Structure formats: C-alpha cells, structure tokens
Protein chains: 2
Amino acid sequence: MTDIKACNLWHLASARHFAELSESEKEMMASFMTHINVKKSGYIYNAGDRDETLYIVMEGRIKTTRLSEDGKEITLEILEPGDIFGELTLAGEEERETSAVALEDSLICAVKRSDFEDFLHQSPLFAFSVTKLIGLRLRKIENRYENIIFKDVRSRLVSLFYDLADKYGEECPEGRKIKIRLSHQELSNLIGSTRETVTLELSKLKKSGEIITDGRAFILPQKKTA
Amino acid sequence: MTDIKACNLWHLASARHFAELSESEKEMMASFMTHINVKKSGYIYNAGDRDETLYIVMEGRIKTTRLSEDGKEITLEILEPGDIFGELTLAGEEERETSAVALEDSLICAVKRSDFEDFLHQSPLFAFSVTKLIGLRLRKIENRYENIIFKDVRSRLVSLFYDLADKYGEECPEGRKIKIRLSHQELSNLIGSTRETVTLELSKLKKSGEIITDGRAFILPQKKTA
DNA sequence: CCTGAATTGTAAGCTCCCTTACAGCCGTAA
DNA sequence: TTACGGCTGTAAGGGAGCTTACAATTCAGG
C-alpha cells in the first residue's frame with residue numbers, strides 16, 4: 001500500500017458518512033481518492049466550471065457560495081472535516097451552479113463522479129447515507145427559503161444563531177457560546193441581508209440581551225424557564 | 001395476484017423512477033403500496049404531522065407547500081403522475097415540515113418508509129435514481145433561493161414562466177404556450193411575492209410583449225435572434 | 001510599535017413591494 | 001336568470017431594509 005493510500009485511509013476513518021464502510025470498502029474508496037491542498041481563500045471550483053468531482057473535507061473549512069453579477073454573495077454551507085461537497089454532480093449538474101472556497105488552509109480529497117457512482121452501486125448502505133446527506137441539505141435550504149419569505153432580518157439572524165449554536169455551540173456560564181468567528185459580512189451572506197443591516201440588528205439584539213458578546217464570540221443566553 | 005396488486009403494478013409501469021426496475025422488483029414494490037384517493041383541495045399531510053410515508057402520484061396533481069402563521073403560502077413543487085413526494089422522511093424528518101395538497105382529484109400510492117428503505121438497500125439502481133431525484137430538488141430550490149435574494153419580482157416571474165414552459169410548454173405559432181392554468185395567487189406563491197404585485201408586473205410584461213396571453217393561457221414568445 | 005487593511009458603527013435617503021382597500025369580472029351552481 | 005365565490009385590476013400609503021457615505025476601531029504583518 002502506498003503512503004498516499006495509507007494517508008487517504010487514515011483520513012477516511014474519521015470522516016462522517018464513511019464510518020459504516022467495511023475495511024475493504026474503505027480501502028477501495030481510498031484508492032479512488034486524490035488529495036488536494038487549498039490555501040485560505042483559494043477556490044476549489046467556481047460557478048460555470050465543468051467539474052465532475054465530489055470532494056471530502058479532511059482538514060480546514062470550506063464554504064459553498066453563490067455570487068450575483070454585481071458581486072454580492074450568498075453562503076449556502078460551511079463545511080467541516082468529514083463533510084462531502086460537490087455532490088450535485090450526481091444529480092446531473094453539468095456546470096457547477098455553486099462555487100466552493102476555502103475559509104482557511106484546507107486539505108480535501110477528490111473522487112471522480114464515475115468512481116463515486118460505481119461505489120454507490122456496490123454499497124447500498126453508503127448510497128443510503130449519501131441520500132440522507134442530500135436530503136438534509138434539501139430540508140435546510142427549504143427552511144431558509146421559507147425564512148427569507150416569511151421572516152424579517154432580525155428573526156432570521158436569531159435563528160441563524162440558534163443553528164450555529166447547534167453546530168458550534170459550547171456550554172458556558174452565560175449560555176451557549178458559538179466557537180467560530182464570523183464577520184457581520186459573513187452573517188449577512190448566510191441570511192440573505194447586508195452587512196450594514198446586520199450590524200444594526202445585531203446591536204439591537206445586544207441591547208435587548210438576546211445576544212451577548214464575549215470578546216468577539218457570540219453567546220446565546222439560556223432562556224429563563226422559571 | 002390480487003386486483004389491487006395488479007392495479008399498483010399497472011400504475012408503477014408508467015411511473016418515472018420505476019422504469020429501470022425488473023418485473024420482480026416492480027411486483028415487490030407494488031405489494032408494498034396502498035393507494036389513496038384524494039379529492040381536490042384535500043391534504044395528504046400537513047406540517048407537523050408524524051407521517052413516515054413516501055407517496056407516488058398516479059393520477060392528478062399534488063402541490064407541496066409551506067404556510068406562515070398568518071396564512072401566507074409558499075408553493076415548493078407541483079407534482080405530476082410518476083413523481084415521488086414525502087421523500088424527506090428518508091432524511092430523518094420526524095415531523096413533516098411541508099404540507100401536501102391535491103390540486104385536483106388525485107390518486108396516489110403510499111409506501112411505508114421502512115419498506116421503501118428495504119427496497120433502496122436491495123436495488124442500487126433504484127437507490128441512485130432516488131438520490132438523483134432529491135439532488136434535483138436541491139438544485140432547484142438553491143436556484144430559487146438565489147433568485148429571491150438577487151432578483152426582483154419581475155425577473156423572478158419571467159424565470160418562472162421559462163421553467164413552466166420547460167415543464168408544460170407546447171409549441172404554437174406565437175411561441176411556447178404553457179398548458180396549465182395558474183391563478184395570480186398561485187404564481188405569487190411560486191415566486192415568493194403577493195397576488196397584487198404579480199397582477200401588476202404581469203400587466204407590464206404583457207404591455208412590453210414579453211408575455212402574451214391567449215384566453216387565460218400564457219405564451220412565451222420566441223426571441224427574435226435576427 | 002506602526003501602518004494599511006479589514007471590520008464595525010452610524011445615519012440619511014430612497015426604493016421596491018407589501019398592505020389595505022375597492023370595484024369589476026367571470027364562471028358555475030342553484 | 002341570478003347570486004355568490006373566486007379571480008383580476010388598480011391605486012394610495014407606508015415600511016423594512018438596501019444604498020451610499022464616512023468615521024472609528026480592530027487586527028495582522030512588517
């Protein structure tokens with residue numbers, strides 16, 4: 001076994017979605033993978049690219065985004081080690097409709113669509129896990145779509161913080177602290193608003209005590225259920 | 001073979017996603033299904049329901065929607081015979097987040113989630129076809145999410161008409177005619193706007209010739225590429 | 001420690017489109 | 001035929017949040 005293959009294997013072992021695979025399946029998957037280092041702010045693919053590849057995050061963080069003609073940005077997902085992205089090539093996406101950018105120096109693995117498909121056909125369990133993954137993303141974006149139509153910026157911001165707390169939260173005396181740092185710009189990209197409006201609403205939320213800041217970390221205070 | 005089973009089989013034969021199945025697989029699937037008649041405006045499930053079932057449209061048309069507290073509605077999909085819905089129970093949706101309503105008297109088939117999952121595990125080809133289905137829905141809603149953030153009502157309405165023409169279009173002398181009738185209310189539910197605004201923008205589009213009406217059908221005129 | 005870049009804070013003005021309010025119209029059921 | 005419910009047309013008014021503009025602050029790198 002080559003060093004690279006061993007390295008892929010090692011990374012796979014820790015990746016979500018691959019946990020259920022047998023050793024031989026993992027070896028097979030590892031042999032399909034090539035790995036790629038991406039520098040902070042480097043793109044993996046851009047909207048319009050013809051790129052029939054799926055990726056797995058090994059180290060670092062990646063975001064998937066959409067850009068408007070006049071340079072505005074929407075963030076669709078923030079991806080952590082173990083997450084799969086580029087999966088829509090499976091659904092017949094010929095040109096990428098989304099871009100993927102590294103938020104920090106990252107290591108990712110690439111698998112050709114055809115290899116990935118072969119693998120899906122051979123491992124029903126793995127196939128089902130991928131179906132669930134895409135289904136979860138569908139649920140999430142449907143909820144965001146609903147929010148942007150029915151809710152104002154303030155309440156979208158609050159629900160974003162609850163989502164972030166579920167993903168990055170850590171109990172602390174005051175409540176749940178969100179461990180990652182996000183600029184107002186990034187927050188606004190996540191809720192479909194603007195940087196200025198987020199700054200404004202955020203300061204109102206601080207005043208009303210719905211959000212506490214500790215340095216530059218956000219804390220969701222525990223609801224008093226007395 | 002019972003009459004019901006024979007009937008299910010007959011319906012399955014014509015359903016998208018099931019075309020690739022072998023006869024024995026189709027028989028097995030048919031044996032899992034129960035069928036249900038729904039009257040126009042009857043609901044199949046509502047947001048909040050605990051309902052671990054997948055459905056296949058056999059006859060009629062179904063829409064999936066989301067409702068706000070104050071009664072506003074978003075239409076997510078309009079489903080035709082052969083379409084599957086309720087699929088997000090596969091992704092761990094414990095309570096339905098969406099509602100499903102019949103747009104006309106319809107016949108649908110129901111399959112329990114556990115049966116459906118068994119089936120997925122046994123037929124990799126079918127599993128992959130379901131993955132593609134969910135992936136397509138994800139792509140579609142991501143595009144709508146982008147549109148609602150970047151585009152105004154006018155251009156959302158135009159792209160809706162292009163989508164509708166792809167799905168329901170029919171060539172005619174003036175261009176592509178959209179064969180189904182949708183009220184302004186329904187159009188606004190599809191683009192996240194209001195009935196009044198749609199009426200207004202639509203009348204502007206008619207004046208500018210971007211949309212033609214024939215009776216109550218909409219026609220997208222062919223672009224002059226001279 | 002210094003400097004430039006990135007981030008945050010604040011505010012005035014404006015615009016899109018939602019809300020509210022009616023009036024006319026069309027189709028269909030009685 | 002009438003009457004009623006649903007659909008369409010139109011218009012005034014208002015408001016949430018986007019734009020634009022600029023200043024203050026923080027941060028990272030030299």
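Chain A is the first sequence line, chain B the second, and so forth, proteins listed ahead of strands; every chain is numbered from 1. Every value quoted in this text rests on a predicted model; they were computed, and no experiment measured them.
Arg61(B) and Glu104(B) are joined by a salt bridge, as a carboxylate oxygen and a charged side-chain nitrogen come within less than 4.0 angstrom of each other. For the pair Asp51(B) and Arg96(B), the salt-bridge criterion is met [side-chain N within less than 4.0 Å of a carboxylate O]. Using a cutoff of 4.0 Å between basic side-chain nitrogens and carboxylate oxygens, Arg176(B) and Asp166(B) are scored as salt-bridged.
Rounding to whole angstrom units, CZ of residue Arg181(A) and P of dT26(D) are separated by 12 Å. Following rounding to the nearest Å, Leu200(A) (CG) and dG9(C) (P) show an atom-to-atom distance of 10 Å. Lys204(A) has its NZ atom 18 Å from the P atom of dT8(C), to the nearest Å. dC18(D) atom P lies 12 Å from atom CD of Gln185(A), rounded to whole Å. The distance between atom CG of Leu182(A) and atom P of dA6(C), rounded to the nearest whole Å, is 18 Å. Regarding Leu205(B), its CG atom lies at a distance of 15 Å from the C1' atom of dG9(D), rounded to whole Å. The separation between Leu202(A) atom CG and dT10(C) atom P is 11 Å, rounded to whole Å. What separates CG of Leu103(A) from P of dA6(C) is a distance of 16 Å, to the nearest Å.
Between its two ends, the helix from dC1(C)-dG30(D) to dA30(C)-dT1(D) turns its axis by 50°, counting five pairs per end and rounding to 10 degrees.
OP1 or OP2 of dC18(C) lies within a sub-4.0 Å distance of a side-chain N or O belonging to Thr197(B). Under 4.0 angstrom from either OP1 or OP2 of dC18(C) there lies at least one side-chain N or O belonging to Thr194(B). Under 4.0 angstrom from either OP1 or OP2 of dC17(C) there lies no side-chain N or O belonging to Ser193(B). Distances shown here put a side-chain N or O of Lys206(B) below 4.0 Å from the OP1 or OP2 atom of dG9(D).
Non-hydrogen atoms lying under 4.0 Å from DNA chain C are contributed by Asp152(B), Val153(B), all within residues 147-160 of chain B.
Distances were taken from every side-chain heavy atom of Glu196(A) (C-beta onward) to each of dT10(C), dT8(C), dC7(D); the shortest belongs to dT10(C). Comparing atom distances between the Thr199(B) side chain and each of dT19(D), dT8(D), dA21(C) picks out dT8(D) as nearest.
No more than 12 heavy atoms of other residues, nucleotides or ligands shown are found within 6.0 angstrom of CD on Glu94(A).
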Under 4.0 Å protein heavy-atom contacts per nucleotide of nucleotides 23-30 of chain C, with B for base, S for backbone only and - for none: ---SS---
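Within the 3.5 Å criterion, the main-chain N or O of Ala47(B) finds a donor-acceptor partner in the side chain of Ser99(B). Between the side chain of Ser159(A) and the backbone N or O of Ser155(A) there is at least one donor-acceptor pair closer than 3.5 Å.
Residue pairs meeting the salt bridge (charged side-chain N to carboxylate O under 4.0 Å, His left out) criterion with at least one member in residues 144-153 of chain B, sequence neighbours excluded, are Arg66(A)-Glu146(B). Sorted by first and then second residue, the side-chain hydrogen bond (donor to acceptor under 3.5 Å, both in side chains) pairs with a member in residues 80-89 of chain B read Arg16(B)-Asp83(B), Glu80(B)-Tyr168(B), Glu87(B)-Arg137(B); sequence neighbours excluded.
With hydrogens and angles left out, the side-chain atoms of Gln185(B) and Glu196(B) include no donor and acceptor closer than 3.5 Å.
Mapping Glu201(A) and Lys207(B) onto DNA chain D by nearest heavy atom places Lys207(B) closer to the 5' end of the strand.
Residues satisfying the ring pair (Phe, Tyr, Trp, His ring centres under 6.0 Å) criterion with Tyr45(A), sequence neighbours excluded, are Tyr55(A).
Aromatic ring centroids of Phe161(B) and Phe218(B) lie under 6.0 Å apart.
Side-chain contact between Ile108(B) and Met58(B): absent, with no pair of heavy atoms (C-beta onward) separated by less than 4.5 Å.
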